[in-house]
Each structure stands twice: as C-alpha cells, then as structure tokens.
Amino acid sequence: MPELPEVENARQVLEKALDRTITDVDDSDSYVCRPHRPGEIAKALVGGKLVAAHRRGKTMWCETVTADGDPGPHLGVHLGMGGRVRITGPGGAREGELAGGLPKKSAEEKQKDEWDRVTVSFDDGGSFRLFDKRRLGRVRLEPDLDALGPDAAEISRDDFRARVGRGTAPIKARLLDQSVLSGVGNLLADETLWQAKVDPHRPSGTFSEPELDELRRVLRKATRAAIKHGGVHTGEVIPHRQRDVACPRCGAPMERGTVGTRTTWWCSAEQA
DNA sequence: ACTCGTGTTAGCTG
DNA sequence: TCAGCTAACACGAG
C-alpha cells in the first residue's frame, strides 16, 4: 500500500517516537528483521534514543544516540506492501491512527496485536510498532541507501532527464525502478501517466527533454497532492481503476493490462 | 477453493 | 557487465 506519500505521512508520525529512552525492543520476528538475529537490534538500541526520522523514497530511517549520548546505529524502517507505523503514548495510550496505509474501510478495522511485527518500548510506557499483516515490511540496522535513486519529490530537472529518459523498457517500469528514482509505486505511476496523457507502454528512451520535463512536473504535482490529501488513493484517476468505468476526463473506456509485471490502468483514448 | 496484490529482490537471460 | 524480466517472498482480502 504505502508509496512515497503514505511513507512521508508515516515518517511524520514516527517523529512522535523521538527523544524517548528505549527500554526494550521486540525483534523476534526474524523474517521482518532479516538479516539480523533475534536480539541484535535490541542490543544495539536499548538504553539509547531515536533522535531524528528521515525518508528517501519509501525507505525511512532514524538516527539514534546511545545511552552515553554518542551517535548510535541508524534504524531502517520499510513498510513493504502493507506496513504501518503505530505509536503509543505514556502508559500505552493510543496516539492517533495508524499511519502509512489505506483509509479505514470501516470504523472497526482489525488491529490484532500479533500483527505488530516489531515493537520498540520506551521508559514512559509507550512504544513505536511496525504494524504489518503481511510481514513484507522490514526493520534493520544500517539500511543501505546507495541503491536508491533520488527521491521522486526532490529530483532535479537534469537528474530526471538523465535517469528516466533512457532505456528500452516501458516508461512505467522505469518510473517504478527504485534505483532510477525512489518513491513511485504502482498507483502513483498510473496517476502520473494518466495526468500527463502518456502511454505506459512507451519506451522510456523515446521521450524528448520537454516531454521529460513535463512528466517530472506532473509527478511532483501528483506526489505533493497525495501527501497533502493523505495518500495516493486521493488521486484523480485512481478511483477509476475499475472495470466498466470511463476516463473521468474524456469519457473513453479505461483499459486494464499488465505493464512491467504490474496491473496497469490507462485511458484507451488519451494514453494510446 | 482459488486468485490477486499500492513492494522488494535474488537470480536468470540475452 | 548490464538492462530487463520472472519468481518468490507472506498472508489477508475478495
């Protein structure tokens, strides 16, 4: 679920976990905490604090300090396909809603405790948890950011031209490649290409510089709007990713197919 | 019962 | 070596 806008939302919530002394870490889920052994993350963090929460693309990480106030390891957090950040306050009281996922379908959305895959407990009785039904999220020490391209919301015009405007794969696949630029997921890619009236199948190397500049402008606009409104599902075309639905702009049928291994929707008239 | 999926990545191929 | 593609991952939802 989480793409760049949801992760930015989650990062802001994660800031509520800063500057609280860590008393315990449950890192016993060795799949979510791979490649660490159980206890390894706990040993590195207990006694210290998280002091800053950063994000690049869909990856978050916290700076930490040790009990002595020296710089500690970075704590990487990735929400995967459906993870969310959950923060509790002193005494364990809930602090706001889960951050980073879909809007609630119903008021009584299930939140089983066993779906808290990693828990960082603080001396005030509160905690930070990675809530993730599917366990495709990750928590790890010293996450490697080298393989990530520039953040999709920050990438410069020249960088975008050079990184996106090459190769023979479909433009959609290029936008989804986190090493090219980071943060674009399946829905944000569809939204951006629809807004820009670009065929998702078109090879990325065939775009002119003005076309790339326009694509970047639309991507940044769609990304900012999604952050502001609470997620990619608030896009203009995303609600129209259904069978027998017309393009909300021109009325032509929306078409469905697979591009770059992912389910893709596009306007049969404007994005052909 | 069975298929799908808003993400990542190891491994294969040309 | 690299760009591009596929399967696998885990498990709930429809």
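- Rounded to whole Å, the distance from CG on Asp146(A) to P on dT8(B) is 17 Å.
- Glu114(A) places its CD atom 9 Å from the P atom of dG12(C), with the value rounded to the nearest Å.
- Distance check on atom P: dG11(B) versus dA10(C) gives 15 Å, rounded to whole Å.
- Applying the 4.0 Å criterion to OP1 and OP2 of dC9(C), one finds that Arg138(A) has every side-chain N and O outside that range.
- For the pair Thr168(A) and dA3(C), the criterion of a side-chain N or O lying under 4.0 Å from OP1 or OP2 is not met.
- Note on Glu8(A) versus Arg11(A): salt bridge recorded, some NZ/NE/NH1/NH2 to OD/OE distance being below 4.0 Å.
- If you check dG7(B), dG4(C), dT8(B) against the side chain of Glu3(A), the one that comes closest is dG7(B).
- Here the options are Ile238(A), Thr192(A), Val237(A), the test is side chain to side chain contact (heavy atoms under 4.5 Å, CB included), and the partner is Leu187(A); only Ile238(A) passes.
- There is a side-chain donor-acceptor pair under 3.5 Å between Ser127(A) and Thr88(A).
- For Arg134(A) and dG7(B), a side-chain-to-base donor-acceptor distance below 3.5 Å is absent, hydrogens and geometry of angles not being considered.
- Between the CE atom of Met60(A) and the C1' atom of dG7(B) there is a distance of 13 Å, rounded to whole Å.
- Closest to the side chain of Lys58(A), out of dG4(C), dG7(B), dC11(C), is dG7(B).
- The residue Arg140(A) sits apart from the nucleic acid: no heavy atom pair falls under 4.0 Å.
- Using N1 to N3 plus N6-O4 or O6-N4 for Watson-Crick, or N1-O2 and O6-N3 for G-U wobble, each under 3.5 Å, dA10(C) pairs with nothing.
- Annotation: proximity of residues 219-229 of chain A to DNA chain C (heavy atom, distance under 4.0 Å) is found for no residue.
- Here His78(A) reaches the OP1 or OP2 of dT8(B): one of its side-chain N or O atoms lies under 4.0 Å away.
- Taking the centre of each ring, His201(A) and Trp266(A) come in below the 6.0 Å mark.
- The side chain of Thr261(A) places no N or O atom within less than 4.0 Å of a non-bridging phosphate oxygen (OP1 or OP2) of dT6(C).
- Atom P of nucleotide dG12(C) and atom CH2 of Trp115(A) are separated by 6 Å, given to the nearest angstrom.
- Salt-bridge annotation for Arg262(A) and Asp190(A): absent, with no side-chain N of the basic residue lying under 4.0 Å from a carboxylate O of the acidic one.
- Note: CG (Leu4(A)) to C1' (dG7(B)) measures 14 Å, nearest angstrom.
- A salt bridge links Arg86(A) and Asp116(A); the closest N-O separation between the charged side-chain nitrogens and carboxylate oxygens is under 4.0 Å.
- Arg174(A) comes within 4.0 angstrom of sugar-phosphate atoms only, judged by non-hydrogen atoms across all strands, and of no base.
- The distance from atom CG of Asp177(A) to atom P of dA10(B) is 14 Å, rounded to the nearest whole Å.
- With Trp61(A) as the aromatic partner, Arg140(A) does not meet the cation-pi criteria of under 6.0 angstrom to the ring centre and within 45 degrees of the ring axis.
- Nearest to the side-chain atoms of Leu136(A) among the listed nucleotides dT8(B), dG7(B), dG5(B) stands dG7(B).
- Out of dC5(C), dT8(B), dA10(C), the shortest distance to the side chain of Pro170(A) is found at dC5(C).
- Atoms CZ (Arg256(A)) and P (dC4(B)) sit 8 Å apart, rounded to a whole Å.
- Atom pair Ile238(A):CD1 and dG5(B):P shows a separation of 14 Å (rounding to whole Å applied).
- Arg34(A) CZ: more than 12 foreign heavy atoms inside a 6.0 Å radius.
- The phosphate of dC11(C) (OP1 or OP2) has no side-chain N or O of Lys133(A) nearer than 4.0 angstrom.
- Nucleotides of DNA chain B nearest to Thr263(A) and Gln178(A) differ in position, and the one nearer the 5' end is that of Thr263(A).
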